[in-house]
Colleague: 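Have a look at this one.
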Amino acid sequence: MRPADTDEKQREKLLDEYRKHRELGRMLFNDMIKYIPGEGLFKAARKLGLTSGKTLVIGSDEEQSILVDYAFFNEYSGKFNAIDRYVNMNKPTAKEEIEFFSDMRSSFFSIFRITSRLPGFGFGVKDLMTGNCFSLIDVNLSESEYCPNVMTGRVAMFAESCGCSTGSLIPLRERSAIQLVEQTANKYLRHAKFRTQPVFSNKHAASFQADVQRIQLKHNSLAGIAYE
């Protein structure tokens, strides 16, 4: 579904759901940092290339946001990541929170090709790992002067055929970075479980995200990104 395929009333409803989803996420994620297992943040930083020896090397708030987002979903204690541990310990009962955590648990990291843009709303995208097409809301990026052809991020589908990032979408700006990410994607697609979402096991999904984001961090793909 492309954004232009919805009428203005539908888009306003989706934007309202999106804003509630993002606000709830900001509130809950602040409480969830302490549920990242053990040395999870440092292990995640090492995988993303954000360490020097035993020291974290984080140069911006954007890098910190990527690190925390990665650790939430990909660092496990036994079978549980921070999302699982928070839910198991706190047992959310509010309908909005139950739906939010369901969306988070089914979220996925991927590479997206932009097929259309609607300023003030978001993009129509094609998931290059699955071939699925849907709308992806990101108001700030949709209004920026620079419109990327390809971007990556972890996406939660909070409505039918419509998703948003769990953190922020990262545009791929340099051709060299795009080529490296494409090579990485082709390598991992050999392990993909086609016609399913997620396309990888938890282990392969974590490695895939780390390899892609390490390329982006190295190529300074975060430059100019405004995080909400």
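Here the structure is a predicted model, which is why all the values come from computation and not from measurement. Values below: every heavy atom of this structure, side chains too, minus hydrogens, waters and symmetry copies.
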Colleague: For the backbone of Tyr70 and the side chain of Asn74, can you confirm whether one donor and one acceptor N or O come within less than 3.5 Å of each other?
Modeller: yes
Colleague: Short question: side chain of His21, backbone of Glu17 - any donor-acceptor pair under 3.5 Å?
Modeller: no
Colleague: Look at atom NZ of Lys95 and say whether more than 12 heavy atoms of other residues, nucleotides or ligands are closer to it than 6.0 Å.
Modeller: no
Colleague: Indicate yes or no: does Glu8 engage Arg11 in a salt bridge with an N to O separation below 4.0 Å.
Modeller: no
Colleague: Determine, stepwise, if the pair Phe123 / Thr115 fulfils side chain to side chain contact (heavy atoms under 4.5 Å, CB included).
Modeller: CA-CA 7 Å; Phe123 304 91; Thr115 58; over 6 Å; no
Colleague: Quick check against the 3.5 Å criterion: does Thr51 have a side-chain atom that pairs as donor or acceptor with the backbone of Lys54?
Modeller: no
Colleague: Taking all atoms of both residues into account, what is the closest heavy-atom pair of Met104 and Ser107, and its distance?
Modeller: O-OG, 2.7 Å
Colleague: Would you mind checking if Arg46 and Glu39 are paired as a salt bridge, meaning a charged N to carboxylate O distance below 4.0 Å?
Modeller: no
Colleague: Taking all non-hydrogen atoms of both residues into account, name the closest pair between Val139 and Ser142 and its distance.
Modeller: O-OG, 2.7 Å
Colleague: Looking at every heavy atom in both Phe73 and Asn81, which two are closest together, and how far apart are they?
Modeller: O-ND2, 3.2 Å
Colleague: When you look at Ser176 and His219, which way does the side chain to side chain contact (heavy atoms under 4.5 Å, CB included) test go after all the steps?
Modeller: CA-CA 9 Å; Ser176 58; His219 283 75; 3.7 Å; yes
Colleague: Is any side-chain N of the basic residue among Arg214 and Asp211 closer than 4.0 Å to the acidic one's carboxylate O?
Modeller: yes
Colleague: For Gly120 and Leu15, work out which heavy atoms get closest and say how close.
Modeller: O-CD1, 3.9 Å
Colleague: Test your reading of the model: is there a side-chain donor-acceptor pair from Ser102 to the backbone of Ile98, 3.5 Å cut-off?
Modeller: no
Colleague: Salt bridge or not for Glu75 and Arg85, using N-O below 4.0 Å?
Modeller: no
Colleague: Yes or no on salt bridge (charged side-chain N to carboxylate O under 4.0 Å, His left out) for Lys20 and Glu99, after CA distance, side-chain angles and deciding distance?
Modeller: CA-CA 12 Å; Lys20 291 177 181 177; Glu99 291 176 348; over 6 Å; no
Colleague: Do any N or O atoms from the side chain of Thr166 and from the backbone of Val155 form a donor-acceptor pair under 3.5 angstrom?
Modeller: no
Colleague: Flag the pair Leu48 / Glu63 as yes when at least one side-chain heavy-atom distance between them is below 4.5 Å, and no otherwise.
Modeller: no
Colleague: Using modelled atom types only, decide if a donor and an acceptor are shared between the side chain of Ser207 and the backbone of His204 within a distance under 3.5 Å.
Modeller: no
Colleague: For a quick test of reading the model, state the closest non-hydrogen atom pair linking Leu169 to Gly153 and the distance between them.
Modeller: CD2-CA, 4.2 Å
Colleague: Is there a side-chain contact between Ile137 and Phe158 in this structure, where contact means two heavy atoms from C-beta onward sitting under 4.5 Å apart?
Modeller: yes
Colleague: Can you classify the ring geometry of Phe109 versus Phe208 as parallel (below 30°), tilted (30 to 60°) or perpendicular (above 60°)?
Modeller: perpendicular
Colleague: Are any side-chain N or O atoms of Asn186 and backbone N or O atoms of Glu182, one a donor and one an acceptor, separated by less than 3.5 Å?
Modeller: yes
Colleague: If you draw the axis of the six-membered ring of Phe108, does the NZ or CZ of Arg154 fall within 45° of it and under 6.0 Å from the ring centre?
Modeller: no
Colleague: Less than 3.5 Å apart, any donor N or O on the side chain of Thr152 or Gln213 sitting next to an acceptor on the other?
Modeller: no
Colleague: Does Ser77 reach the main-chain N or O of Phe80 with its side chain, forming a donor-acceptor pair under 3.5 Å?
Modeller: no
Colleague: Using modelled atom types only, decide if a donor and an acceptor are shared between the side chain of Asp127 and the backbone of Met129 within a distance under 3.5 Å.
Modeller: yes
Colleague: Can you name the nearest heavy-atom pair linking Phe112 to Phe134, along with the distance?
Modeller: CE2-CZ, 3.7 Å
Colleague: Side chain of Arg22, backbone of Ser165: donor and acceptor closer than 3.5 Å?
Modeller: yes
Colleague: Could Arg105 and Asp84 be called an ion pair, given the rule that one side-chain N must be under 4.0 Å from one carboxylate O?
Modeller: yes
Colleague: Would you say the rings of Tyr86 and Phe101 are close, in the sense that their centroids are separated by under 6.0 Å?
Modeller: yes
